[in-house]
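Let me begin by presenting the structure, written as structure tokens, before commenting on it.
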Amino acid sequence: MSNSMVAKRYALALFQIAKETQALGVIEEDLRAVKEVVGYHPEFKAVLKSSKLSIDKKKEILSNAFASVNVYVLNTLLILIDRHREDEIADVANEFIELANDAMGIAEAEVHSYRALTEAERAAVSSVFAAKVGKKSLKIENIVDSSLLGGIRLRIGNRIYDGSLSGKLSRLERKLLS
């Protein structure tokens with residue numbers, strides 16, 4: 001079974017539990033925190049993969065590190081450790097987040113702008129572009145990029161909407177040169 005299939009299987013099981021217990025939002029936020037810790041701290045990942053530590057010691061470390069997360073999230077993490085699938089933690093989190101977003105009608109969006117967007121601007125971008133992709137709303141990650149000169153560049157999945165001034169100038173340049 002490929003790694004992505006393993007992650008999907010664990011994520012789907014956790015998703016079903018989350019729906020049954022009506023804790024979808026809580027579990028999603030906990031998994032985002034777990035993913036951030038595992039993704040941005042390679043030393044933590046190295047500890048979990050260490051062959052010098054016993055499984056019980058790894059489980060103890062994990063339990064202490066994530067004592068505040070939902071019990072179902074912690075149990076899933078412990079099962080992954082039991083089965084020597086430490087590498088799958090971030091993938092399980094990604095798969096779960098995708099399932100949760102689909103269930104709630106939310107799409108993840110990466111918005112590049114010249115300056116940080118205000119809450120009103122975020123809401124406006126969310127309402128306009130969520131309708132274009134058939135979702136209820138967007139979960140926006142705002143990235144400040146001074147090279148845009150103005151406007152925004154938006155990425156939702158594999159779709160890119162470029163309304164930036166630098167993008168418009170680039171398209172105009174290509175049009176004039178052709």
Side-chain angles (χ1 to χ4, degrees), residues 1-112 116-117 119 122-123 125-126 129-130 133-144 154-160:
M1 199 178 258
S2 72
N3 287 348
S4 63
M5 290 302 295
V6 170
K8 283 180 184 179
R9 191 176 71 214
Y10 283 99
L12 187 57
L14 187 57
F15 178 73
Q16 289 171 342
I17 291 170
K19 280 186 12 183
E20 289 172 10
T21 60
Q22 296 170 349
L24 198 60
V26 172
I27 290 176
E28 179 194 3
E29 287 307 312
D30 287 348
L31 281 173
R32 283 184 188 276
V34 168
K35 176 183 158 190
E36 188 171 325
V37 168
V38 172
Y40 293 116
H41 300 287
E43 57 277 357
F44 184 76
K45 203 174 191 177
V47 167
L48 292 179
K49 288 190 59 72
S50 174
S51 60
K52 294 179 181 179
L53 293 175
S54 68
I55 288 179
D56 290 333
K57 187 64 179 170
K58 289 179 186 180
K59 288 167 75 171
E60 180 185 329
I61 291 168
L62 206 60
S63 295
N64 290 334
F66 298 114
S68 62
V69 299
N70 183 291
V71 67
Y72 299 117
V73 173
L74 184 59
N75 287 343
T76 302
L77 295 175
L78 295 176
I79 289 170
L80 288 168
I81 296 296
D82 268 339
R83 305 229 169 103
H84 303 287
R85 299 191 188 239
E86 299 88 356
D87 289 339
E88 297 296 319
I89 293 174
D91 292 336
V92 169
N94 288 333
E95 292 290 337
F96 182 90
I97 290 166
E98 191 175 314
L99 289 168
N101 284 345
D102 284 343
M104 294 185 288
I106 297 173
E108 301 262 338
E110 199 176 85
V111 179
H112 296 259
L117 297 176
E119 284 305 314
R122 283 175 179 261
V125 167
S126 177
F129 286 96
V133 295
K135 299 289 183 179
K136 293 179 188 172
S137 66
L138 297 179
K139 191 171 280 188
I140 295 176
E141 177 189 355
N142 188 203
I143 298 167
V144 177
L154 183 84
R155 182 170 187 241
I156 305 171
N158 60 356
R159 295 181 187 176
I160 296 175

If you round to the nearest 0.5 Å, how far is [atom2] of [Y] from [atom1] of [X]?
| X | Y | atom1 | atom2 | value |
| --- | --- | --- | --- | --- |
| F44 | L62 | CZ | CG | 5.0 Å |
| E98 | I106 | CD | CD1 | 13.5 Å |
| E28 | K139 | CD | NZ | 3.5 Å |
| H112 | L117 | NE2 | CG | 11.5 Å |
| R155 | R159 | CZ | CZ | 12.5 Å |
| L14 | L77 | CG | CG | 8.5 Å |

Minimum-distance pair of heavy atoms, taken over all atoms of [X] and [Y]:
| X | Y | value |
| --- | --- | --- |
| I156 | A109 | CG1-CB, 3.9 Å |
| N142 | R122 | CB-NH2, 3.3 Å |
| E110 | I143 | CG-CD1, 3.4 Å |
| L78 | S63 | CD2-OG, 3.8 Å |
| A18 | I27 | CB-CD1, 3.6 Å |
| I81 | E86 | CD1-CG, 3.4 Å |

Worksheet entry | Carboxylate-amine/guanidinium proximity below 4.0 Å for R83 and E88 |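 Answer for the salt bridge query: no.
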
Fill in: Reference residue N70; test side-chain contact (heavy atoms from CB on, under 4.5 Å); the match among V26, T76, N75
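Going through V26, T76, N75 one by one, the side-chain contact (heavy atoms from CB on, under 4.5 Å) with N70 is satisfied by V26 alone.
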
Discussion item. Just to verify, which of V34, V73, L24 counts as forming a side-chain contact (heavy atoms from CB on, under 4.5 Å) with F96?
Written reply: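 The option that passes is L24.
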
Not counting sequence neighbours, which residues clear salt bridge (Lys or Arg N to Asp or Glu O under 4.0 Å) with [X]? List them please.
| X | answer |
| --- | --- |
| K49 | D87 |
| E95 | none |
| E108 | R32 |

Worksheet item: Donor-acceptor pair, K35 side chain versus A93 backbone, under 3.5 Å?
Response: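 No, the answer is negative, given that no donor and acceptor are paired below the 3.5 Å cut-off.
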
Practice prompt. Determine yes or no for a side-chain-to-main-chain donor-acceptor pair under 3.5 angstrom, with S126 supplying the side chain and L138 the backbone.
Written response: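 The answer is yes, because a donor-acceptor pair under 3.5 Å joins these two groups.
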
Worksheet entry | Pairs involving residues 59-73, ordered by first then second residue, that meet salt bridge (charged side-chain N to carboxylate O under 4.0 Å, His left out) (sequence neighbours left out) |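 Qualifying pairs, neighbours excluded: K57-E60, K59-D82.
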
Discussion item. Holding to ring pair (Phe, Tyr, Trp, His ring centres under 6.0 Å), I want the full list of residues that pass it with F129, two or more places apart in sequence or in another chain.
Written reply: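 Residues passing ring pair (Phe, Tyr, Trp, His ring centres under 6.0 Å) with F129: Y161.
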
Fill in: By ring pair (Phe, Tyr, Trp, His ring centres under 6.0 Å) - contacts of Y72 (at least two apart)
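Here no residue qualifies.
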
Worksheet item: So I160 and L154, side-chain contact (heavy atoms from CB on, under 4.5 Å) or not? Walk me through it.
Response: CA-CA 6 Å; I160 296 175; L154 183 84; over 6 Å; no

Worksheet item: Does the side chain of F66 come within less than 4.5 Å of D30's, by heavy atoms?
Response: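 No, their side chains stay 4.5 Å or more apart.
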
Worksheet item: Taking C-beta and beyond as the side chain, do L48 and L53 meet within less than 4.5 Å on heavy atoms?
Response: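 They are not in side-chain contact.
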
Practice prompt. Dump the intermediate steps for side-chain contact (heavy atoms from CB on, under 4.5 Å) on H84 and I55, then the final yes or no.
Written response: CA-CA 9 Å; H84 303 287; I55 288 179; 3.3 Å; yes

